[in-house]
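Each remark here refers to the structure printed beneath this line.
Below, all heavy atoms of this structure are taken into account, side chains as well, without hydrogens, waters or symmetry copies.
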Amino acid sequence: MTFFMVDSAMSRVYEAVIVLLSGCLPSTSIAPMEILGTAGVLWDTFQGAQGAPLFRVRAVSIDGRPTHNMIPVSITPECSIGDVRHADLIIVPAAGSDLGEICATNALLIPWLQKWYRRGAAIAGICTGVSLVAEAGLLDGKPGTSHWAFIPKFQERYPSVDWQPERFVTESDNVFCSGGVYASIDLSLYLVEKFGGHKMAMETARALLLETPRMWQATYAGEPPAAAHNDLPVQKAQQYLFKNFREELTVDDLAERVGMSPRNFARRFKAAAGDTPLGYLHRLRINAAKHLLESGSVSVQEVCAAVGYEDVTFFRRLFKRFTGVPPREYRVRFGAA
């Protein structure tokens, strides 16, 4: 399954369906509604321009009735899940703390998610709502995350999922997961970028006074590795690079770490990840640099050092090759106002 990215010449509005579940924290439904609903519109309004919405956002519940949440806030859905006729994106919110009870109470949602995934919709789970995505089998053999405190329960109930508790957001084959409750904000901005592009995601974040999406619950390291493959040694190397991208690393070091010859390792890495080990390392570093430039006020020299480079001239040249613009210009375009 692939995403259809929006370019400036297109005016397609994507159908985003936010599922309302009883017993959930309402912010995990409301935050995606607000972020997706303002994407492509709010920033342009602030600039005195006429924007075009990226998403048509609909709130639905299993039976079409209002839900009762963990705090005294009630949200009225537009319709029931059975009334949905089109969906490009479906988001499942946090839904309590007992995974077994969540799945039993919302059992009708599981075949519905399976149906829409087969039809090509992207499926995203937030915090404990990820349990319903996993129960539907959509995470088998794929990376997933949730709030770190629930990961042991997830690992016990869904052992075929590659649980990554250090991550705020995971993505594989059109299935997305986010960590704790307020990681719903990170996931929503991430989805705006996937459907509408980086520029729209940055403008949406700036319009709502939000930081750019965090990817890690531990150390931020840019975008997640391409892990939609089954080459375990390469996955192991990717994870090591992801956590140690600031260090001085060589292909020989990585090959030895996974028990392979440098030549065979380089060949298999390129085949599985779509890039050379060095190119992949540069991409991780440049994405981390983009985040620092977008959300901080540190100098270009400090960003250069923070992501693992010593030569600032080389860093500037590499950054421009990956992004099309020098670091300072990138900050002007996408940095916090």
Side-chain angles (χ1 to χ4, degrees), residues 13-43 45-46 51 53-61 66-78 87-97 102 106 109 121-133 144-150 167-171 175-196 200-217 220 291 294-295 336:
V13 179
Y14 292 92
E15 297 286 337
V17 177
I18 314 297
V19 180
L20 307 179
L21 299 176
S22 290
C24 79
L25 283 167
S27 63
T28 58
S29 297
I30 294 172
M33 288 183 205
E34 292 183 347
I35 293 172
L36 301 185
T38 57
V41 178
L42 190 59
W43 176 259
T45 300
F46 290 162
L54 179 64
F55 294 100
R56 177 176 181 260
V57 180
R58 306 176 70 189
V60 307
S61 67
T67 56
H68 300 285
N69 302 304
M70 289 179 67
I71 62 174
V73 173
S74 179
I75 308 173
T76 301
E78 182 177 328
D88 297 299
L89 169 65
I90 295 170
I91 296 180
V92 182
S97 58
I102 292 169
N106 302 288
L109 193 65
I123 308 295
I126 297 169
C127 195
T128 55
V130 171
S131 62
L132 291 162
V133 181
T145 193
S146 184
H147 191 288
W148 58 266
F150 291 102
R167 297 268 291 277
F168 272 105
V169 176
T170 61
E171 170 195 353
V175 181
F176 302 82
C177 303
S178 75
V181 171
Y182 288 101
S184 60
I185 295 172
D186 302 285
L187 175 64
S188 299
L189 286 172
Y190 188 82
L191 290 168
V192 171
E193 180 167 2
K194 295 299 294 187
F195 280 86
M200 183 176 291
M202 293 305 99
E203 290 175 347
T204 303
R206 292 173 72 178
L208 294 171
L209 300 182
L210 300 172
E211 291 188 1
T212 55
R214 302 163 295 174
M215 297 303 301
W216 290 82
Q217 297 190 62
Y220 183 87
H291 177 75
E294 290 162 0
S295 59

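Taking 4.5 Å as the limit, every side-chain heavy atom of Arg206 sits out of range of all side-chain heavy atoms of Phe46. Leu21 is listed as a side-chain neighbour of Leu132, based on a closest heavy-atom distance under 4.5 Å.
For Val41, the side chain to side chain contact (heavy atoms under 4.5 Å, CB included) partners are Thr45, Pro53, not counting sequence neighbours.
When every heavy atom of Val133 is checked against every heavy atom of Ala124, the shortest pair comes out as CG2-C, 4.5 Å. Of all non-hydrogen atoms in Ser74 and Pro66, the two that sit nearest each other are OG-CB, 3.7 Å. Here the shortest heavy-atom pairing between Ala16 and Phe55 reads CB-CD2, 3.8 Å. The shortest heavy-atom contact between Thr76 and Leu20 is C-CD1, 4.3 Å. For Leu187 against Gly125, the heavy-atom pair with the smallest separation is CD2-O, 4.0 Å. The nearest pair of heavy atoms linking Leu89 to Phe195 is CB-CZ, 4.2 Å.
For the atom pair Ile126 CD1 and Ser188 OG, the distance stands at 5.5 Å (nearest 0.5 Å). Residue Arg167 holds its CZ atom at 12.0 Å from OG of Ser178, rounded to the nearest 0.5 Å. One finds the CZ atom of Phe176 at 5.5 Å from the NZ atom of Lys194 (value rounded to the nearest 0.5 Å). With rounding to the nearest 0.5 angstrom, the OG atom of Ser184 is 10.0 Å from the CG atom of Leu189. We find the CG-CG distance between Asp88 and Leu54 to be 10.0 Å, quoted to the nearest 0.5 Å. Here Leu210 contributes atom CG and Met202 contributes atom CE; the two are 10.0 Å apart, rounded to the nearest 0.5 Å.
The main-chain N or O of Thr67 is never found under 3.5 Å from a side-chain atom of Ser61 such that the two would form a donor-acceptor pair. Here the side chain of Thr128 pairs a donor or acceptor atom with the backbone of Gly96 at under 3.5 angstrom. For the pair Ser146 (side chain) and Cys127 (backbone), a donor-acceptor distance under 3.5 Å is present.
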Do Asn106 and Val19 pass the side chain to side chain contact (heavy atoms under 4.5 Å, CB included) test, and can you show the C-alpha distance, the side-chain angles, and the key distance before you say yes or no? CA-CA 11 Å; Asn106 302 288; Val19 180; over 6 Å; no
With a 3.5 Å cut-off and sequence neighbours excluded, list the donor-acceptor pairs that the side chains of residues 25-39 form with protein atoms.
| residue | atom | partner | partner atom | Å |
| --- | --- | --- | --- | --- |
| Thr28 | OG1 | Leu25 | O | 2.7 |
| Thr28 | OG1 | Ala94 | N | 3.2 |
| Thr38 | OG1 | Glu34 | O | 2.8 |
| Thr38 | OG1 | Ile35 | O | 3.3 |

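Sorted by first and then second residue, the salt bridge (charged side-chain N to carboxylate O under 4.0 Å, His left out) pairs involving residues 15-24 (not counting sequence neighbours) are Glu15-Arg56.
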